[in-house]
Amino acid sequence: MNQAEALRAEIARAARTLGAPHDVVPHLERPRDPSFGDWATNVAMTLTKPLARKPRDVAEALIAAMDLPSVGATAAEIAGPGFINFRLDPGFQARGLLQILAAPEQWGRSDVGQGANACVEFVSANPTGPLHVGHGRQAALGDAISALLEATGWKVSREFYYNDGGVQIANLALSVQARVRELSGADAAIPEGGYHGEYIREIASNYVAQHPEDREGNDLNALRVFAVAALRHEQDLDLQAFGVKFDTYYLESSLYTDGRVDSTVKALQASGHTFEEEGALFLRTTTVGDDKDRVMKKSAAKGGDYTYFVPDVAYHVTKWERGYTRAINVQGADHHSTTTRVRAGLQALEIGIPKGYPEYVLHQMVTVVRGGEEVKISKRAGSYVTVRDLIDDVGRDAVRYFFLMRKGDSQLVFDVDLARSQSEENPVYYIQMAHARMCGIFRVGEIDAASITGANVDLGVLAEPAEVELVKALLDYPALLVGAADAAEPHRVAAWLLETARLGHLWYHKHHVLGEPEAITQARLVLARATQLGLAAGLRLLGLTAPERM
RNA sequence: GCGCGCGUAGCUCAGUUGGAUAGAGCGUCGCCCUCCGGAGGCGAAGGUCGCAGGUUCGAAUCCUGCCGCGCGCACCA
């Protein structure tokens, strides 16, 4: 049990002696102003009604009923309408750092997920071109959300759904065909809705080199297979360069071949939530808030195919059946119309899937800016900027951090000049520098950092305000992860890193570690080591490196 | 027109799920400093949290209606 939990438990115990409900869970928060204390609770105000007493009365009785020393508290004061502010003994508080030193790899990890299975689906790009910046944001978000879930006790599968059928793939094949024919001197145009990027030319010439028997590009099926394989390979290389690995690749085509699409349609029809109109089969989605009912199967006149959301529903049934109690889909906000449909389909099946399943993390657009100007195209892809462009330009760490530093709901401006600058205005550099600085202390002092355990060190001397603030920030990390994982919001970790790095720099500039009286040096070495490990843990979680020198 | 998201300091954004005098970085203006690691430290100015109502002990946060921006509104995916 950590310090905050111990304090919470003691408040709850005291509250029960006053007659509070047995299941009371006092809310703890950091006061906005550190001068108020180290922890605050509003529990006295929430108990006003059940206890039928005034908030300040409750607070007073609560404090009297608490064993403050047992939880390291030196004072408890009533403030404002009924807050209780607790002050913790600095040495007691700093002893929380020992947990970091004892098991750095475990730091921040918890078991709130209790080993349940979660599926995080992200990127899921059609194999029709190199990955663009939106995919990059999805890759960073999906990978970080996965890491967050893993750190909080979930068993996570990172999944990539391949749309390997459908109109877009057909257009890809036709686009390559046009370029092949162009090579043989024929006059051929890219079809409507086709792909114009430079990479299509590369694929075409590779195709001709490997298929000398089809210089005219007549074998559309061979073209399609070749192009999809080439682009899947290319996307794999992009993801590899980004350091993202998937556990599962799920092919849309397999949903047809193993009969899941048909069985899903039959089940939906049996459920009574479908109807036929003008020769097409509809799902009644208006009952769950959609603005119109959606076509599942096109009329014969339109080809009689299933629309894309039918395999989508079938696919999400497999997630449920594969035992994922939590499924998170990371997509661009332009896909938000699918959420209602997929959920409606799953609900219509009436097989016990929760209403909010799957969860969607939808992110807004990314604008790439260089030299103050928006960048819109890349040579290779033509109409859009690729992830590869960014990685080559500013490096993997910066790309990852920049994609994660804003919450997905907000639009993101990716300033390439800032991302590559070696200055403290660059948040990535700033955070990594803080880590490297802590490492530097041990290097200069010729001390083996791993030998620092904090045993027999009086941490009570870590009482300078800058030290107390840094200690508190470091100890907030585990709870931060729980909240971030629950909300699927990695940007909280990015913000925590920046703030903790700031406090680390501040402390470093204000106080010396080496060359102080022995007792102080020993205590500060513990804080330096904990800061280094704490920052490294956060960086690692987001998939960033923690360099020892820069 | 309908749906979703966003609107917080000059700029870029946080805001612990409804709490105290709304914060940080950059920029601006003062004053210091040159220290284990490249410049940093201290302080100041700067806000009607888009607007107007509502809910309650208490709202940037929840509800309603407007305004502005983005995205989406196919028998496309």
Side-chain angles (χ1 to χ4, degrees), chain A residues 27-33 36 40-42 45-46 48-49 54-55 79-83 85 124 126 128 163 165-169 171 193 252 277-282 289-292 294-309 311-312 332-340 360 362-365 367 405-413 415 418 422-427 430 433 436-445 466 476 479-480 482-484 486-487 489 491-492 494-496 498-499 502 505-506 508-516 524 528 549-550:
Chain A
H27 175 70
L28 277 185
E29 61 187 24
R30 294 291 193 188
R32 222 179 266 287
D33 187 339
F36 290 160
T41 181
N42 65 349
M45 290 180 279
T46 64
T48 304
K49 273 180 192 158
K54 291 180 190 159
F83 289 98
N85 293 326
S124 294
N126 289 342
T128 55
N163 241 276
V167 183
Q168 302 194 9
I169 300 297
N171 282 335
E252 182 192 11
E277 196 175 285
E278 293 174 12
L281 181 66
F282 283 74
D290 208 349
D291 50 355
K292 59 172 94 165
R294 301 294 168 174
V295 172
M296 294 168 59
K297 193 173 195 290
K298 302 179 199 173
S299 60
K302 299 270 184 178
D305 295 326
Y306 293 119
T307 58
Y308 76 96
F309 99 92
D312 245 24
D334 53 341
H335 284 79
H336 78 81
S337 62
T338 71
T339 66
T340 320
Y360 284 87
L362 301 178
H363 68 83
Q364 298 291 323
M365 297 188 72
T367 311
M405 69 183 177
R406 303 280 177 253
K407 78 181 146 193
D409 290 337
S410 44
Q411 296 184 25
L412 174 69
V413 177
D415 183 335
L418 179 62
Q422 301 282 299
S423 79
E424 303 198 346
E425 287 167 37
N426 180 351
Y430 186 75
M433 182 67 185
R437 266 192 165 145
M438 297 304 143
C439 295
I441 294 170
F442 294 97
R443 194 161 49 242
V444 170
D476 281 344
L480 176 101
V482 173
D486 185 53
E489 290 187 349
H491 79 275
R492 298 190 194 186
W496 176 87
L498 194 59
E499 172 65 9
R502 191 179 72 85
H505 283 300
L506 224 68
Y508 176 90
H509 282 292
K510 218 161 183 173
H511 305 292
H512 274 227
V513 175
L514 305 175
E516 297 288 315
R524 288 187 177 162
R549 58 200 314 167
M550 309 201 39

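Convention: sequence-line order gives letters A, B, ...; per-chain numbering from 1. This one's a predicted model, so the numbers in the text were calculated from it and none came from an experiment. Side chains are part of it too, since the values below use all heavy atoms of this structure and drop only hydrogens, waters and symmetry mates.
- Using a 5.5 Å limit on the distance between ring centres and a 30° limit on the angle between planes, the aromatic ring of A/Tyr508 counts as stacked on the six-membered base ring of B/C36.
- At a threshold of 4.0 angstrom between heavy atoms, the contacts of A/Met45 include nucleobase atoms, whether or not backbone atoms are also involved.
- At the heavy-atom level, A/Arg406 lies under 4.0 Å from the strands shown only through sugar-phosphate atoms.
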Here RNA chain B, pairs taken as Watson-Crick or G-U under 3.5 Å and shown with ( ), [ ] when crossing and | when to another strand, reads (((((((..((((.....[...)))).(((((.......))))).....(((((..]....))))))))))))....

Might you work through the side-chain contact (heavy atoms from CB on, under 4.5 Å) test for A/Gln168 and A/Asn163, ending with a clear yes or no? CA-CA 9 Å; A/Gln168 302 194 9; A/Asn163 241 276; over 6 Å; no

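- When heavy atoms are screened at a 4.0 angstrom cut-off, A/Asn171 is found touching no nucleic acid atom at all.
- In this structure, A/Glu424 reaches the sugar-phosphate backbone alone: every heavy-atom distance under 4.0 Å involves primed, P, OP1 or OP2 atoms, never a base.
- Between A/Leu506 and A/Phe83, the residue anchored closer to the 5' end of RNA chain B is A/Phe83, taking for each the nucleotide with the nearest heavy atom.
- At the heavy-atom level, A/Lys297 lies nowhere under 4.0 Å from the strands shown.
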Please walk me through it: do A/His505 and A/Arg502 pass side-chain contact (heavy atoms from CB on, under 4.5 Å)? CA-CA 5 Å; A/His505 283 300; A/Arg502 191 179 72 85; 5.8 Å; no

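- From A/Leu281, atom CG reaches atom CZ of A/Arg294 across 15.0 Å, with rounding to the nearest 0.5 Å.
- The side chain of A/His491 places an N or O atom within less than 4.0 Å of a non-bridging phosphate oxygen (OP1 or OP2) of B/G15.
- Residue A/Asn163 is classed as a sugar-phosphate contact, given heavy-atom separations below 4.0 Å to backbone atoms only.
- For a distance-only test at 3.5 Å, the side chain of A/Ser299 qualifies as a donor-acceptor partner of the base of B/C75.
- B/U17 has its base syn relative to the sugar, with a glycosidic angle deviating from 0 by at most 90°.
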